[in-house]
Amino acid sequence: MIHSLFLINHSGDIFLEKHWKSVISRSVCDYFFEAKEKAVDPENVAPVLQTPHHYLISVYRGKLFFLSVVQTEVPPLFVIEFLHRVADTFQDYFGECSEGVIKDNLVTVYELLEEMLDNGFPLATESNVLKEMIRPPNILRSVVNTLTGGSNVGDKLPTGQLSNVPWRRAGVKYTNNEAYFDVIEEIDAILDKSGTTVFAEIQGVVEACVRLTGMPDLTLSFMNPRLLDDVSFHPCVRFKRWESERVLSFIPPDGNFTLMTYHVSSQNLVAIPVYVKQNISFFESGSCGRLDITIGPKQNMGKTVEGLMVTIHMPKVVLSANLTATQGNYTYDLATKVVVWDIGKLNPQKLPNLRGSLSLQAGAPKPDENPSLNIDLKIQQLAISGLKVSRLDMYGEKYKPFKGVKYLTKAGKFQVRT
Amino acid sequence: MSASSAFNDEKGGSSSVGEPEYGHDPASGGIFSSDYKRHDDLKEMLDSNKDSLKLEAMKRIVAMIARGKNASDLFPAVVKNVACKNIEVKKLVYVYLVRYAEEQQDLALLSISTFQRGLKDPNQLIRASALRVLSSIRVTIIVPIMMLAIKEAASDMSPYVRKTAAHAIPKLYSLDPEQKDQLIEVIEKLLADKTTLVAGSVVMAFEEVCPERIDLIHKNYRKLCNLLIDVEEWGQVVIINMLTRYARTQFLNPNINESLLEEGGGGDKTFYGSDEDEDEDDEEKEKKAEAAALAKRKPYVMDPDHRLLLRNTKPLLQSRNAAVVMAVAQLYFHLAPKAEVGVIAKALVRLLRSHSEVQYVVLQNVATMTIKRRGMFEPYLKSFYIRSTDPTQIKVLKLEVLTNLANETNISTILREFQTYIKSMDKDFVAATIQAIGRCATNIGEVRDTCLNGLVQLLSNRDELVVAESVVVIKKLLQMQPEKHSDIIKHMAKLTDNIQVPMARASILWLIGEYCEHVPKIAPDVLRKMAKSFTNEEDIVKLQIINLAAKLYLTNSKQTKLLTQYVLNLAKYDQNYDIRDRARFIRQLIVPTEKSGALSKYAKKLFLALKPAPVLESPFKDRDHFQLGSLSHLLNAKAGGYQELPDWPEAAPDPSVRNVEVPEWTKCSSREKRKEKKVEKPFYSDSEGESGPTESADSESDSASGSESRSGSEVSGSGSESEESEEGSESEEEEEEEEEKDKKKKKKELKKPVHESESEQSSEEEDRKIARKSKQRTSESESESDEDEESESESSQSESEESESEAEVKKKKKTVESKPPSKPVKKETKKEKTEMSLLDLDDFEPAPSPQVTPVNTFLSNSLVTDLEGLSLSDSVLSPATIAPSSALKNYELLHRITGEGLSVEYCFSRQPFSPDANMVAVQMQFTNNATSDTKNLHMEDVKLQSGMRVKEFPEIELLSAGEMATAVMGIDFCDSTQAANFQLCTHTRKFFVSIQPPVGELMRPIFLTENEFKKEQGQLMGMNEITEKLTLDAKCRNEHAIVQRVTTAANLSRVPCGSDKECRFAGRTVTSSSLVLVTVATKEEGAAQLTVNCEKMVIGTMLVKDILLALTQ
């Protein structure tokens, strides 16, 4: 299966290599560098490359390439999913997944990789099993370790791997027992020039933060589960229960985890919280253009739209932008040709507006496409689909936990074509 | 081995990529400056006595390895530390060893003995890790040692060690393929393992070592299907992929009949206008004719095993792991009847929300699927719309899917989308869009003109790439039906005045030349204009002008003779030698002279030969002969180790190979026997309706979680669920049951007689069971379109299987009777104890009359035997709650195989534990089956939840071979069902065991009068009262049976009661003496209401569950 892994930074340096079978020379990465060179944008590198003797499967996360080498047939998604899991684990351990952090914790990272695969086949990928074997670093512990010469390798042998609920450690204890759930919905939409919805859908995710003592058995039910069209679950959720009663019944992992992701059935019309009036035009002569964007509230269920942000990828020929914003401020990055207009809170009384002129490269023909606008926004305390959690019950433990649910609506891939 | 050579190596390593050096930590910077120093330094640290120094050194060395630097010269210094006590140092040494052992084989041998010792460690995790490292050392000399270790580990009691053994198999195989035969034996053995932990790993080993030995799967097929949902996600992927291949060899094509129907109403086919598609249709027709012939011979009936696979994989579409979802999707695509494939679309569309790499792979597969099964993804058309921020490769793939999805109804929407895409800044994407438009135009006749017009407009685009692409596409479109589109050719001819892009001009000229007979008037005029501007044209245009001139000369020499000669003359003096060459060549060819050779006669044929229309087809056509989701499919080329997806067989191979045979039991050792018995489970559950109570308990055991036993129906549904049973489903089942009863009457009648002969159970109860189970099954397969047909087939199938199963039961009985001494002994002792404790109970308690009816003995006995199988060797691991406990059910604490001859059983004797009233008495029975004596039996290392206490049993000094002994221990469970874990020690070994009480054993009976009962009940209302409605099991509708079942489930005593419609029971929890009151009020038709009043709500809830189970089964 997975033969070797190379971690490669943005500028093409290999800063970590790990082999699970015999050693493969790092020169195999040259094929990848070639492809990367060609692709210009790192996101455009094909995830699967074929070389004479190996196949290279890579993912791009946090400005790093996780490049794995395989020699024989293996489902590509298997490898891709695993590499993302590796990146998730790093994130979980070190708070972020970046070159610096990995270099700082090189030995821990290497030990993690050693445990996650055996002979190229995933062995322990549940973060709580790993954490029992290799403790994540924290400041206190590293201080204590330097003083006492202690180690960050668990001296207990991991038992989680052996249990039938591998995602949960045994013997969890908390003084404050709490279970919090965040229902986060993202609106994916494409609006056309005139503001009509070309395509819109709602994707949701229930993130949980559960710190409960012992082995609690939780049941989460919704007021309107019929809204949920397509769901995927953390392995802890009992699928049968969902099938028959539409409730989520599970023994939760300890800490933060994604309980479920869902898609709201497409029959429901999607409320679009803002409208955008825009006019971007380039003139045939004089190598300049105009830009005028106004954003106003539409269907936001009486809540305030916050964190409003507009990102515009300008055509290459746009040299500079001279704009004025009535609210918030804007930046224009000359290298990437991206205008970012950070608006903040949307005030329905005084609609934010950005207008001004764009100057183009002299002599260049006018671009034939107008750039599309990517919109980012947040609405607190609202799940735009109307999904509501009705109750959370706990069985199997005696204490009373603190419970809480938060709702949040965000813009996902929200694009306005111009 | 000098340090200087290492220095060179290292340099080579790092300079190859020009990686900047950086210190592991600032302090080591100085050390890095000199290699001599560094290595001496590290060696010194490794040789020191301090663990902290060793650790520091090892950390630096591992960091070197991680950065890809050579640290091999430290091998001798490192390997010395392999036996280090410090766990972290040890781990790092292992890491080092695995990395460099191959290079330093001789020195690596020094470490082997450490691992061999580790393999014998009592701790399973140490055994596993020793095996893991040992098998990772790639040194050929130790192959025999590895082989031995693997063989031994494969029969280890710990499933985790067995899993590690499965992992080691491919490692050894890659080291020495000669070992294949022996390894296959091990694989065969491990395939028979029933724990979910092992399943994924062993199938992986199977795929790497002997994927061709499909025969090894037969016996394990049903088990794998049923375990699937509980296997860890990576194992699921491997198993599903393997089962897809398996199913292709063993079952019939489910779509034989459907393809027949389709042929009749080929309305779909109109979308394909082009010839090559028709060709394909012909082929398909042939195939269909064959299939039809086949179908006529025998109507298609889906094999129940085929159905089992489809049903058990379906829930995995909801997995969070994209690889699992993809694996199920490809399974459905390759195996499911057409009508059912649709379910995968939604899940695949969901994956499009994931990381772009995932999207990339999924879209590739969707693209292939859309060619065969377009309808499936049509509802999700909009999900494939392209965003300007998508990476190019994703855009192109989405475009491919959109093109494949296009049909008359949605083409206008799609074209409108395409229009936006054409304006994109990403020119590669625009080019792909133009090609896509071309393909839509070829496929859908209605929009061909619209597309053409649109494309013609694009000819005036400023971007050369766009124009070139459009011209190329237009050229292709026109080539298909040139006669219809002479006006477009005319239009394009006019365009030559405006279009400046040379590539486009050249293409237009080629078109005019090619179809000059369709535009006889315009063509010469174009040539005239071109001749005028010849000198100013680009080279490619000039070449096409010559080409045009030549073609015109051949067709219309009257008008163009002079023009042609003029052009050729201009070309003759052109600066470009290609053009001069071409001019000379053409002149010789077309202008007849005395010298001209034989070729000039054929000039017209040469130039105006009918050129085949280019084929506009998807690059994903026919990719589905690769298994979807595979690397080979993605690359469209066979990757190493790819296993071909076989074609469906013409006739199904014998399905009985998957039946697990009974007679084997008698032959094998008792350990294997236990295994076999479990394998039998999928067999039963598969026969859908009739699995008896025995199996339900049995199948539970398979899920390795071994929680409360549930109705077998759930198991037959989608494989065993690992978590504790859910209370809600129980009651719901009952409600539905009534409705379904009538429906299934027919079925019941079929089965009844068989069952009656099989056991003395009343037929009425049997009916209910069957009804419930078959109901459950149908409700699950409701969505299936061919349900009727199928269920019929299944019932006939099940009938035959039933008779088999009956035979099995008989054999089983026989074995039990005729077989090893252990079993009969157990039985006897059980009876003894039952009587004994009954007496005790009577002593203790006035008259709760828990007499055991003969029928029930039969039942509970078989339950017990099955539970014995359940507890298996991992009784240590699974905190199992074993729900419906008969009064004195024996639980296995230690199996005799695991215990190396020592077997231990325990039961809750329900006697007060004299040393401490707060403790539950647990009576243990030790049997020494070994040939040698066991000494100093005692317990140690008790691990308990807080508050729990244990009173150990007195040490048994000697248990001679063949002897039995009993001992009583007390456990204060603190009113919780938490397990008490401890080690059972003999003079030689220690065994981890655990005792977990059913909730019913956490109480002791008390005597109350009716009035007292009512008074107490009145005080325990509200939160403390739990009421459940239930339908009594047919067999327990009389008072006596109810009393017996309730007292079996829980240690309660009966409270006298005036009404005969009510049974009341009372008890107190052992530790906190909280009152537990149970009321069962019966109504007509077996309806009843169960009320439990208890201060401890948790106890109450669990008790309700248990009693409910006892009364309804």
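Convention: sequence-line order gives letters A, B, ...; per-chain numbering from 1.
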Peer 1: Hey, does A:Ile80 have a side-chain heavy atom less than 4.5 Å from the side chain of B:Tyr360?
Peer 2: no
Peer 1: Donor-acceptor pair, B:Arg138 side chain versus A:Lys21 backbone, under 3.5 Å?
Peer 2: yes
Peer 1: I'd like to know which of B:Arg132, B:Lys163, B:Arg416, B:Glu102 tops the heavy-atom pair count under 4.5 Å against chain A.
Peer 2: B:Arg132
Peer 1: So do the side chains of A:Arg85 and B:Asn321 get within less than 4.5 Å of each other, counting heavy atoms only?
Peer 2: yes
Peer 1: For A:Asp118, is there an ion pair with B:Lys171 - N to carboxylate O distance below 4.0 angstrom?
Peer 2: yes
Peer 1: What are the two closest heavy atoms between A:Val59 and B:Glu357, and how far apart are they?
Peer 2: CA-OE2, 3.3 Å
Peer 1: Please state whether the side chain, the backbone, both or neither of A:Thr258 comes within less than 4.5 Å of a heavy atom of chain B.
Peer 2: neither
Peer 1: So how far is it from A:Leu49 CG to B:Leu635 CG, rounded to the nearest 0.5 Å?
Peer 2: 9.5 Å
Peer 1: Chain B heavy atoms under 4.5 Å from A:Phe82: which part of the residue, side chain, backbone, both or neither?
Peer 2: both
Peer 1: Would you call A:Leu106 and B:Lys59 a side-chain contact if the rule is heavy atoms closer than 4.5 Å?
Peer 2: no
Peer 1: For A:Asp230 and B:Arg350, what are the C-alpha separation, side-chain angles and deciding distance, and is it a salt bridge (charged side-chain N to carboxylate O under 4.0 Å, His left out)?
Peer 2: CA-CA 8 Å; A:Asp230 180 42; B:Arg350 182 182 70 230; 3.2 Å; yes
Peer 1: Do B:Ser136 and A:Trp20 have side chains that get closer than 4.5 Å, going by heavy atoms?
Peer 2: no
Peer 1: Please determine whether salt bridge (charged side-chain N to carboxylate O under 4.0 Å, His left out) holds for the pair B:Lys314 and A:Glu243, giving the CA-CA distance in whole Å, both sets of side-chain angles, and the decisive distance to 0.1 Å.
Peer 2: CA-CA 12 Å; B:Lys314 199 172 164 189; A:Glu243 285 267 274; over 6 Å; no
Peer 1: What I want to find out is whether B:Glu417 reaches A:Arg417 closely enough, with some N-O distance under 4.0 Å, to be called a salt bridge.
Peer 2: yes
Peer 1: Contact part of A:Met394 toward chain B, heavy-atom cut-off under 4.5 Å: side chain, backbone, both or neither?
Peer 2: neither
Peer 1: Identify which part of A:Val198 has an atom lying under 4.5 Å from any heavy atom of chain B, answering side chain, backbone, both or neither.
Peer 2: both
Peer 1: Please look at A:Met1 and chain B and tell me whether the side chain, the backbone, both or neither of the residue comes under 4.5 angstrom of a heavy atom of that chain.
Peer 2: both
Peer 1: Any idea which of A:Leu7, A:Asp41, A:Thr219, A:Val45 has the most non-hydrogen atom pairs under 4.5 angstrom with chain B?
Peer 2: A:Val45
Peer 1: Highest number of heavy-atom pairs under 4.5 Å with chain B: which of A:Asp188, A:Asn374, A:Val48?
Peer 2: A:Asp188
Peer 1: Tell me, side chain or backbone of A:Ala87 under 4.5 Å from chain B's heavy atoms, or both, or neither?
Peer 2: neither
Peer 1: Among A:Glu114, A:Lys18, A:Glu186, A:Gln203, who wins on heavy-atom pairs under 4.5 Å with chain B?
Peer 2: A:Gln203
Peer 1: Does the distance from a Lys or Arg side-chain N to an Asp or Glu carboxylate O, for B:Arg353 and A:Glu201, drop under 4.0 Å?
Peer 2: no
Peer 1: Judged by atom type as modelled, is there a donor-acceptor pair below 3.5 Å linking the side chain of B:Arg320 to the main-chain atoms of A:Met260?
Peer 2: no
Peer 1: Is B:Ile394 close to A:Glu43 at the side-chain level, that is, under 4.5 Å between some pair of heavy atoms?
Peer 2: no
Peer 1: Verify, without hydrogens or angle tests, whether A:Glu73 (side chain) and B:Ser632 (backbone) share a donor-acceptor contact under 3.5 angstrom.
Peer 2: yes
Peer 1: Count the heavy-atom pairs under 4.5 Å between each of B:Pro379, B:Ser383, B:Ser201 and chain A, then report the option with the highest count.
Peer 2: B:Ser383
Peer 1: By a 4.5 Å heavy-atom criterion (distance strictly below it), what part of A:Phe121 contacts chain B: side chain, backbone, both, or neither?
Peer 2: both
Peer 1: Quick check on A:Gln415 against chain B: is it the side chain, the backbone, both or neither that has a heavy atom closer than 4.5 Å?
Peer 2: side chain
Peer 1: Between A:His84 and B:His355, how do the two ring planes meet: parallel, tilted or perpendicular, split at 30° and 60°?
Peer 2: parallel
Peer 1: Does any heavy atom of chain B fall under 4.5 Å from the side chain of A:Tyr60, the backbone, both, or neither of them?
Peer 2: both
Peer 1: Pick one of side chain, backbone, both or neither for A:Leu259, based on which atoms fall under 4.5 Å of a heavy atom in chain B.
Peer 2: neither
Peer 1: Side chains of B:Leu92 and A:Val107, heavy atoms from C-beta outward: is any pair under 4.5 Å?
Peer 2: yes
Peer 1: Quick one: does A:Phe78's side chain get under 4.5 Å of B:Met326's, heavy atoms only?
Peer 2: no
